[in-house]
Number of protein chains: 2
Amino acid sequence: MTTTSPQGRTELLRPDGSPVRVLVVDDELSITELLSMALRYEGWQIRSAADGTGAVQTAREFRPDAVVLDMMLPDMDGLAVLGRLRRELPDVPVLFLTAKDAVEDRIAGLTAGGDDYVTKPFSLEEVVARLRGLIRRSGAADRRSDSVLVVGDLTLDEDSHEVSRAGDGIHLTATEFELLRFLMRNPRRVLSKAQILDRVWSYDFGGQANVVELYISYLRRKIDAGREPMIHTRRGAGYLIKPATS
Amino acid sequence: MTTTSPQGRTELLRPDGSPVRVLVVDDELSITELLSMALRYEGWQIRSAADGTGAVQTAREFRPDAVVLDMMLPDMDGLAVLGRLRRELPDVPVLFLTAKDAVEDRIAGLTAGGDDYVTKPFSLEEVVARLRGLIRRSGAADRRSDSVLVVGDLTLDEDSHEVSRAGDGIHLTATEFELLRFLMRNPRRVLSKAQILDRVWSYDFGGQANVVELYISYLRRKIDAGREPMIHTRRGAGYLIKPATS
DNA sequence: TGTGTTTCTCAGGGTATTCACAGGTTCCCG
DNA sequence: CGGGAACCTGTGAATACCCTGAGAAACACA
């Protein structure tokens, strides 16, 4: 089931109306903190664990709808943790966190079962989007909730990554796509450059804040070119997207 | 929940009707004094602390609905304080105070959990507005409270930063927007130039007091132009806004 | 390794915004 | 009426903010 809050944000809920539960497992406190914060903001209920033993214990009594699992834990191999989690919760989808250089095939085998993974350092938009996808597909939330964002004549499919305006397909790069998704998930709301940076860029990004301006510029070229603009600047405040006709 | 006091001011209240509680943490006494005064004026209950240790202790027994936290404290790193606060109060939203030049450095992820920040020197209107936003979105106050201020046929949306009179969209600059928001949050009440200066301009503003007259003039041109005026001068006292028909 | 793509830095240019200044207007009071 | 105080507003300069082109660096993929 999805419901729309007064602020216009769309929330995922379980069929019985209670909040979705997510277990976060990582040994770095800063990572669990960051994820907990971001996922709580999605309206989900969060527990965290710092190692495999704790993860299994917490899972047993918390019964999460999804798990975020770092493959690199101090006490157990990631696969071992996964095995024990599966014994407790056979159907729960898992989002793996891995280092960029980790063996791809090992992960590839795991994700065949409907799980998914992101590489560190990740962006919060990416983690949230993939979790939403997992939960949606697992059936823990209402099946009817779909993966297409629509603002005016602009549509973005979170599953196929297809974007089109007024029927014309638009090719976006990965970063452009994430930025547009963030804007479209918060239509008519001013988002500051800091918010965008925190959400769309990975947590270790240490660069210039004007990348945001740059990517807004790219998006405009692709989305607003020769049409009624949908992306607007609020000087001194941030950016927002809204349907062209208004 | 929102309720309107006899003076016409709109107050945020918790679902049980008790006042919202805010904890202010800063080592400069002048800042905590300034903030405490302004936030009490909002009808909120305020406690303050001068360092990280005190903040955590106070938070434990005061259980605030929001925290204002200076990132630059004598005894602990701002992030460390944040971590301990989160352990006490997992869901409480935090408004960070940072120096202007620190913005680029290390505030990655700070706004990601729904938190927010303002840079020093700030204006009180800005702090209050952002706190209201945080509290509203956190659900500590009633969810139904929305982000639109209405006075007569004039509306101001704090989320989209859109302003319109009688349906016509009006473009305002950042300062004009803040001034109008302050007026509209205090309809039918005379606000002195000193009050306006103290609230809308940052606390270290050292300029001429007649900027207020200037900006009132700008607002009139945009809002009252060719219509029944809503902004009125009370010579020797200040300015007020009220619905045109009365 | 090479080629095309993507990400990002840097810097120049444009423009909106802020603000000071000063002359004009209105109002109040004797 | 006359004078002064309070207020209004046109002008212009300094600045903050934003946009975007060019190119370097990192990356993806064969």
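Chain naming here is simple, since letters A, B, ... match the order of the sequence lines and numbering starts at 1 in each.
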Engineer: Mind calculating the distance between OH (B:Tyr218) and P (D:dT11) to the nearest angstrom?
Structural biologist: 12 Å

Engineer: So among A:Leu35, A:Thr32, A:Leu73, A:Ile31, which one has a side chain to side chain contact (heavy atoms under 4.5 Å, CB included) with A:Val25?
Structural biologist: A:Leu73

Engineer: Indicate whether OP1 or OP2 belonging to C:dC8 is found under 4.0 Å from a side-chain N or O atom of A:Trp201.
Structural biologist: yes

Engineer: Is B:Val151 close to B:Leu156 at the side-chain level, that is, under 4.5 Å between some pair of heavy atoms?
Structural biologist: no

Engineer: Rounded to the nearest 0.5 Å, what separates atom CG in A:Asp70 from atom CG in A:Asp27?
Structural biologist: 6.0 Å

Engineer: Figure out the CD/C1' separation between B:Glu176 and D:dT9, and round it to whole Å.
Structural biologist: 14 Å

Engineer: Show me the side-chain donor-acceptor pairs of residues 203-210 of chain B shorter than 3.5 Å, one per line, residues at least two apart or across chains.
Structural biologist:
residue	atom	partner	partner atom	Å
B:Asp204	OD1	B:Ser202	OG	3.1

Engineer: Distance check needed: C:dT5 P versus A:Lys222 NZ, whole Å only.
Structural biologist: 11 Å

Engineer: Starting the side chain at C-beta, find the nucleotide from C:dC19, C:dT18, C:dC8 nearest to A:Leu214.
Structural biologist: C:dC8

Engineer: How many whole angstroms separate atom CD1 of A:Ile196 from atom C1' of D:dC18?
Structural biologist: 13 Å

Engineer: Say you draw a straight line from CD of B:Glu178 to OG1 of B:Thr173; how long is it, rounded to the nearest 0.5 Å?
Structural biologist: 9.5 Å

Engineer: For B:Arg221 and C:dA16, give me the distance from atom CZ to atom P, rounded to whole Å.
Structural biologist: 16 Å

Engineer: Let's test your reading of the model: under 3.5 Å, does the base of C:dC19 pair with the side chain of B:Tyr215 as donor and acceptor?
Structural biologist: no

Engineer: If you compare every side-chain N and O of A:His171 against the phosphate oxygens of C:dT6 (OP1, OP2), does one of them come in below 4.0 Å?
Structural biologist: yes

Engineer: For A:Gln208 and C:dA11, give me the distance from atom CD to atom C1', rounded to whole Å.
Structural biologist: 12 Å

Engineer: Are the side chains of A:Leu180 and A:Ile241 in touch, meaning some heavy atoms are under 4.5 Å apart?
Structural biologist: yes

Engineer: Starting from C1' on C:dT17, measure out to CZ on B:Phe205 and report it in whole angstrom.
Structural biologist: 13 Å

Engineer: Starting at CD1 of B:Ile231 and ending at C1' of D:dT9, how long is that distance when rounded to a whole Å?
Structural biologist: 15 Å

Engineer: When you measure from the side-chain N and O atoms of A:Thr173 to the phosphate of C:dT5, is any distance below 4.0 Å, counting only OP1 and OP2?
Structural biologist: no

Engineer: Nearest 0.5 angstrom please: A:Leu131 CG to A:Ser138 OG, how far?
Structural biologist: 10.5 Å

Engineer: Where do N or O atoms of nucleotides 2-8 of chain D meet protein N or O atoms at under 3.5 Å, pair by pair?
Structural biologist:
residue	atom	partner	partner atom	Å
D:dA6	N3	B:Arg235	NH2	3.0
D:dC7	OP1	B:Gly236	N	2.9
D:dC7	OP2	B:Lys193	NZ	2.5
D:dC8	OP1	B:Arg220	NH1	2.7
D:dC8	OP1	B:Thr233	OG1	2.6
D:dC8	OP2	B:Tyr239	OH	2.5

